[in-house]
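Every chain is numbered from 1 and lettered A, B, ... according to where its sequence line falls, protein lines coming before strand lines.
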Amino acid sequence: MNFPGSAGGGWRLPRHELAILAAAAVVFLATGWLDPNHTYFANWAESRDIILRNTALLGIIALGASVVIIAGGIDLSAGSMVAFSATTCALVLTLCAAPDDRRLVTVGPAGIAAAIAAALLSGLLVGTLHTWLITAIRLPPFVATLATLVGLRSFARAMCLFVTKERWGSESQQINVNTPFFAWLKEHNVWIMTATFLLLAVVTWLILSRTVLGRHLYALGGNEQAARLSGIRTENVKWFAYCYASLTAALAGIFLMADSSVAQPGNLARGYELNAIAAAVVGGCSLQGGVGTVPGTVLGALFLRLVIDAVSKLIKASADVYEGMIVGIIVALAVTFTQVGRRGQAGRSFFAGLRGLAAIPTIAIFAALLATMAAANVPALAGRTGLFGCLVGGATVVALALVRRLEGRHAT
Amino acid sequence: MTPIVAFRGVGKRFPGVVALEGVSFDLAPGECHAICGENGAGKSTLMKLLSGVITDYDGEILVRGVPARFCGTRDAEAAGIAIIHQELNLVEQLSAAANIFLGRERRTPSGLLDDAAMEREAAALLAELECPVDPRTPAGSLRVGDQQLLEIAKAMSLASDVLIMDEPTSALTDAEVARLDRVIARLRGRGVSLLYISHKMDEVFRLADRITVLRDGRVVTTVDRAATTPREITGWMVGRDIAGHEFHGPRSPGQKVLEVRGLSLPWPDHPRGYRLHDVSFELRAGEILGVAGLMGAGRTELLETIFGAVEPTWTGEIHLDGRAVRFAHPAEACAAGIAMVTEDRKRLGLFPDLDVAANVSLCSLTDAVRGGLLSRGREEALVAAPLRETGVKTPGPHAAITGLSGGNQQKCIIGRWLLVKPRILLLDDPTRGIDVGAKAELYALIDRLCREGLAVILTSSELPELLTLADRILVLAEGRVTAELPRAVATEQAIMEAATGGAPAR
């Protein structure tokens, strides 16, 4: 296997990957032990299915995201791409079903195949559009994919209204999919999605580390000008990268549609793109390009989902309320640790000067508020949530002040 | 009279390189003092010391007789020293007035920005400099000549009495140069002292009172303009010991492989209008053609045009083996048997995240494929030969490329191109930033490759290198060929005269 910085090179200890694996194991065991119901140990099968399903869904998109990031780009459009692909799939099913069949149960095998093909094709189209915007119009990747992030979802909604009106005579914001094949897919979603994810991971890994194209992706991300001057057709390599990202998102769109039995372009998969990018970054991909691995991304996705699941278990709140916060904190911490590990960063102080001083109460206030809210879900702390929050806030101030003191001593 | 600035034994070392050593000279009040020297002679480093960009150096700099040690450009500005860099430092989105007062913005009594006052002052300064621009125009939309005057206006608003100008005319039209001359005369009338860096002899002799020549980081001499000639100055600029490299006998060039006729490369939005103009030459197998020229003369552009690395907007003809070619992408040039080792190794050549083997095999990866997948064993076998041939010292094929020395990195890149078995090798300043020992090894390697029948075009900012290696030397000045010298008659003096736009010898 190949690991960061050694694309095609010799084997070295995959430290980053092992660190994530260890962190994931710690989170898993700690949650199992701290959770009052010990769900992980008592009801393993259910927990396993939830984690696997969510990891696979996130991971499929993250694999595409990591290919683009390694190639030195960024794809912000994944969430909208998921919705676009799901809508495309459902609309083709609508057209293939009997005209009065609003549950889409009458679609035959040919219609299902056509719908899946159309969804995947929509991915290729969007990937090609991105490449054209980036290489011919010379938009920065951030802008090009921001435009499609906003545009594709709206496009999917308009498409949904138009086709339903034409087909059924009345507009609909969503399409229910009760086609037997997709119902079957939903029933077996955990294993089918996990298997697809792992297969896709192996394919992506082979491409990245064992093909000429993969080497060119690393070269492009590491030094685009040098890659071009080495005779690499960088535009074509970009084309592959953006199509791969859109295609994986399109694949996730089919699964998500099957899983929820509905294609609702307005809200489906909102914000997924950022989680996918976060998983890639936690897994060791550098947003500067040229660095990253498939095992890292897979573990990054697993770790993110594990922590999200752990928090929902521990504080008995709905997972999606805390999801964004968790992802944000983990990304910040993961990148901090990777940077501290690199040379030249070791002696840096985090709390120097006036800005450093201002950061201490800032972090403490956030920590105190978070602790107060979290304590509300813990029975043992009932009625004392405010006190608990204040204690956590105070402890944060003391701890950070101590860090600042130590840094000051090192500096002089 | 106390000199306004005095350098006393100033030295500066960078890792592995001595940039300046024992530099001593004075700048008298109100004088225009030219600093001349080849590329890499230490001119820019010296100016960076004086303007506070580099704060760590040996020796001392006296300003008005008092030792000064600036901790940044703000310090130097406060002491009345301002620098107009070759690469201008303007915030392009901000207005001309805002740029002049950047960091020292005028405020109204209520603490808000006083744009009216700044624009009024800016307008007065610009009018004095014959610069007819509205102070509200964004700096980025001004012509280069006006941008430069904007920098001068900034220096004037700081009441600077020492002004450093680094190659100020390199991007100016003739009319703008004439205006700059008048501005300089006016500044001197106000008692401002100028340090004027240039390698253009006509300018130096038009403007300067005294001339200091730097070579390899040392002062060769400081002379009055009246007491010298351009020829003498260029002689001082180049006259150094040439490291002895002798190769075994003359090479015998074979068939003509490349012919360039009337090659011109346009340069839109630049007063000169072209990067290259009417360049013609031919290249034979087993021959090294040297291309000499100062910074901005068009050496790199010439190689990039042949290699298909620029937008194909050029006119003229390039014939490869008698067949007209027009490459639109380096990949096409590679396929036709042309390889190019780029000038700036870090920026244009190296892949820091890839290991040594991957850096070397990059252009010939298809040879390492077995059954559709890259084979580690094949790749190692593939790169073994070029690594051995170029004599790269590496702990192993999978070591980090960033861990190697500059010379070894360069050998890896040459090895990368040898693997594609080129017939023409373009080398753009291949020994820049490489230590002496590695240079000698590279010279021997280039000589051997050439004797094996490779046709080589070599550019270099070091004349001795060209004289050591090249069979013929083409001299470029501002995009034109000003001389083509066979080795037998080429001397550093002749090349430097042609490169500084002196007597066009042929």
- Task: Mind running side-chain contact (heavy atoms from CB on, under 4.5 Å) on B/D353 and A/Y218 for me, showing each step along the way?
- Result: CA-CA 8 Å; B/D353 304 318; A/Y218 280 100; over 6 Å; no
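For A/Q288, the CD atom sits in a loose shell: 12 or fewer heavy atoms of surrounding residues, nucleotides or ligands are nearer than 6.0 Å. More than 12 heavy atoms of other residues, nucleotides or ligands lie within 6.0 Å of CD1 in A/I137, so this atom counts as buried by the packing criterion. Within a 6.0 Å sphere centred on CH2 of A/W132, other residues, nucleotides and ligands contribute 12 heavy atoms or fewer. Atom CZ of B/R104 has more than 12 heavy atoms from other residues, nucleotides or ligands within 6.0 Å. Around the CZ atom of B/R323, the shell of radius 6.0 Å holds no more than 12 heavy atoms that belong to other residues, nucleotides or ligands. Enclosure of atom CZ in B/R69 by more than 12 non-hydrogen atoms of other residues, nucleotides or ligands within 6.0 angstrom is indicated.
Closest approach of B/S375 to A/R210, counting heavy atoms only: CA-NH2, 4.3 Å. Across all non-hydrogen atoms, the minimal contact from A/G222 to B/P352 is O-CD, 4.4 Å. Between B/L374 and A/T211, the shortest heavy-atom contact is CD1-O, 3.4 Å. Taking each heavy atom of B/H329 and A/T234 in turn, the nearest pair found is NE2-N, 4.5 Å.
Residues satisfying the salt bridge (Lys or Arg N to Asp or Glu O under 4.0 Å) criterion with A/R138, sequence neighbours excluded, are B/E311.
In this structure, A/N223 contributes its side chain and B/L350 its backbone to a donor-acceptor pair below 3.5 Å. Without hydrogens or angle criteria, A/R228 side chain to B/A309 main chain gives a donor-acceptor distance under 3.5 Å.
Comparing B/A335, B/C334, B/C363 by heavy-atom pairs within less than 4.5 Å of chain A, the highest count is held by B/C363. Ranked by heavy-atom pairs under 4.5 Å with chain B, the first of A/G231, A/G214, A/G221 is A/G231. The residue among A/G289, A/A226, A/A219 with the most heavy atom pairs within less than 4.5 Å of chain B is A/A226.
Both the backbone and the side chain of A/I232 come within contact range of chain B, with heavy atoms under 4.5 Å apart. Contact annotation for B/R347: both backbone and side-chain heavy atoms come within less than 4.5 Å of a heavy atom of chain A.
Note: A/R215 CZ to B/L354 CG = 6.5 Å, rounded to the nearest 0.5 Å.
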